[in-house]
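Below is one structure, written out as structure tokens; comments come after it.
We're numbering straight along the sequence, starting at 1.
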Amino acid sequence: NEVKAILSIGKTVAGSMHGYKLFKSEFSTQQDWFKNIKIVVDLGYQGIQKDYLSVKDIYIPHKKQRKSKNNPEPELTAEQKEENKQISKKRIYVENAISGMKRFQILVNRLRCQSDFIKDTVIALRLGYLT
């Protein structure tokens, strides 16, 4: 039985900034953050396996190669497609939590509060951790 939980919610920032750049600013590449946990990410986190120390338990989908003269119709192998399917089965819980926050505009509207505890509590309530 796997425990399905979001272990970390990063700080929100105004404007547009790539998620992986924010991730690297919060989790230094010099520390072994993922030594004892599995991390499942999407293709937006390409490079995470070479940037961070513990790479055996970092799961990222396979990306189809670009078209080229030598490979006019690139395809993933059946094994790669199956691995991608298994990864997406795990990621769906995170994607549903993110879509819920977007649907209720939790991340759009400004919370005029100075307390980080209250901000974290609002997010935790939306994710269903507090009832």
Taking only residues two or more places apart in sequence or in another chain, which ones pass side-chain contact (heavy atoms from CB on, under 4.5 Å) with Asn36?
none

Restricting to side chain to side chain donor-acceptor pair (under 3.5 Å), what partner residues turn up for Gln46, sequence neighbours left out?
none

With sequence neighbours excluded, give me every salt bridge (charged side-chain N to carboxylate O under 4.0 Å, His left out) pair touching residues 61-76.
Glu75-Lys81

The criterion is side chain to side chain donor-acceptor pair (under 3.5 Å); which residues satisfy it with Gln30, sequence neighbours excluded?
none

Quick one: salt bridge (Lys or Arg N to Asp or Glu O under 4.0 Å) partners of Glu82, sequence neighbours excluded?
none

Could you pull out the closest heavy-atom pair between Val40 and Lys90, with the gap in Å?
CG2-CD, 4.1 Å

Asp51 versus Thr29, closest heavy-atom pair with distance
O-CB, 3.3 Å

May I ask whether Ile39 and Leu43 are part of the same hydrophobic cluster, defined by side-chain heavy atoms of I, L, V, M, F, W, Y residues being less than 4.5 angstrom apart, directly or through others?
yes

Please round to the nearest 0.5 Å and tell me the distance separating atom CD of Gln86 and atom CD of Glu83.
9.0 Å

On the 0 to 90° scale, with breaks at 30° and 60°, tag the Phe23-Phe27 ring pair as parallel, tilted or perpendicular.
tilted

Do Ile60 and Asp42 touch side chain to side chain, with heavy atoms closer than 4.5 Å?
no

Using the salt bridge (Lys or Arg N to Asp or Glu O under 4.0 Å) criterion, which residues pair with Glu79? Sequence neighbours excluded.
none

Tightest non-hydrogen contact, residues Pro61 and Val41, listed as CD-O, 3.2 Å

Evaluate the side-chain proximity of His18 to Leu22: yes if any heavy-atom separation is below 4.5 Å, no if none is.
no

When you compare the side chains of Tyr52 and Asp32, does any donor N or O come within less than 3.5 Å of an acceptor on the partner?
no

Ignoring hydrogens and angles, tell me if any N or O in the side chain of Gln31 forms a donor-acceptor pair with the backbone of Ser28 under 3.5 Å.
no

